[in-house]
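Taking it in order: structure first as structure tokens, then the write-up.
For the numbers below, each heavy atom of this structure counts, side chains included, while hydrogens, waters and symmetry mates do not.
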Amino acid sequence: MNKPTLILIGGSGFIGRHLAADFHQRGWRILMVSRDPNRARDSLGSQYEYINSLKHLYPSIEIDLLINL
């Protein structure tokens, strides 16, 4: 069974960091949308996936929840 997937827009901020960590701890796959994915990865770690736009999502990715901060 696949992990549920969370798309988190604005996840590198204070609230987003805590949300991402909580969902990740509960077994969710986290896709962070960031204007600067490399900087976000450097700041938040490699446990999440990073993209710079929703248009970079593959059609095969099933999204269970999207949070826009």
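- By the criterion of side-chain heavy atoms lying less than 4.5 angstrom apart, applied directly or through intervening Ile, Leu, Val, Met, Phe, Trp or Tyr residues, Leu54 is grouped together with Ile61 in one hydrophobic cluster.
- When each of Thr5, Leu8, Leu6, Ile7 is checked for a side chain to side chain contact (heavy atoms under 4.5 Å, CB included) with Leu65, only Leu6 meets the rule.
- Scanning both residues, Tyr48 and Ala20, for their nearest heavy atoms gives OH-C, 3.5 Å.
- Ile30 contributes atom CD1, which lies 9.0 Å from atom CG of Leu19 (distance to the nearest 0.5 angstrom).
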Let me see the working for Arg17 and Ser43 under side-chain hydrogen bond (donor to acceptor under 3.5 Å, both in side chains), right down to the final yes or no. CA-CA 10 Å; Arg17 290 171 186 259; Ser43 175; 2.8 Å; yes
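- Not a single donor-acceptor pair under 3.5 Å links the side chain of Asn52 to the backbone N or O of Asp36.
- Contact detail for Ala40 and Ser34: the closest heavy-atom pair is CB-OG, 3.7 Å.
- Using a 4.5 Å cut-off between side-chain heavy atoms of Ile, Leu, Val, Met, Phe, Trp and Tyr, with links allowed through other members, Ile9 and Leu69 fall into different hydrophobic clusters.
- Atom CZ of Arg35 sits about 8.0 Å away from atom OG of Ser12, to the nearest 0.5 Å.
- The line from CG of Asp64 to CZ of Phe23 is 10.5 Å long, rounded to the nearest 0.5 Å.
- Taking CD of Gln47 as the start and CZ of Arg41 as the end, the distance is 10.5 Å to the nearest 0.5 Å.
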Given the rule in the side chain to side chain contact (heavy atoms under 4.5 Å, CB included) test, do Met32 and Leu44 qualify, once you have shown the distances and angles that lead to the verdict? CA-CA 10 Å; Met32 296 274 198; Leu44 300 173; 3.6 Å; yes
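- Glu49 places no side-chain N or O within donor-acceptor distance of the main-chain N or O of Ser46, the cut-off being under 3.5 Å.
- Between Val33 and Tyr50 the shortest side-chain heavy-atom distance does not fall below 4.5 Å.
- For Ile15, the CD1 atom sits in a loose shell: 12 or fewer heavy atoms of surrounding residues, nucleotides or ligands are nearer than 6.0 Å.
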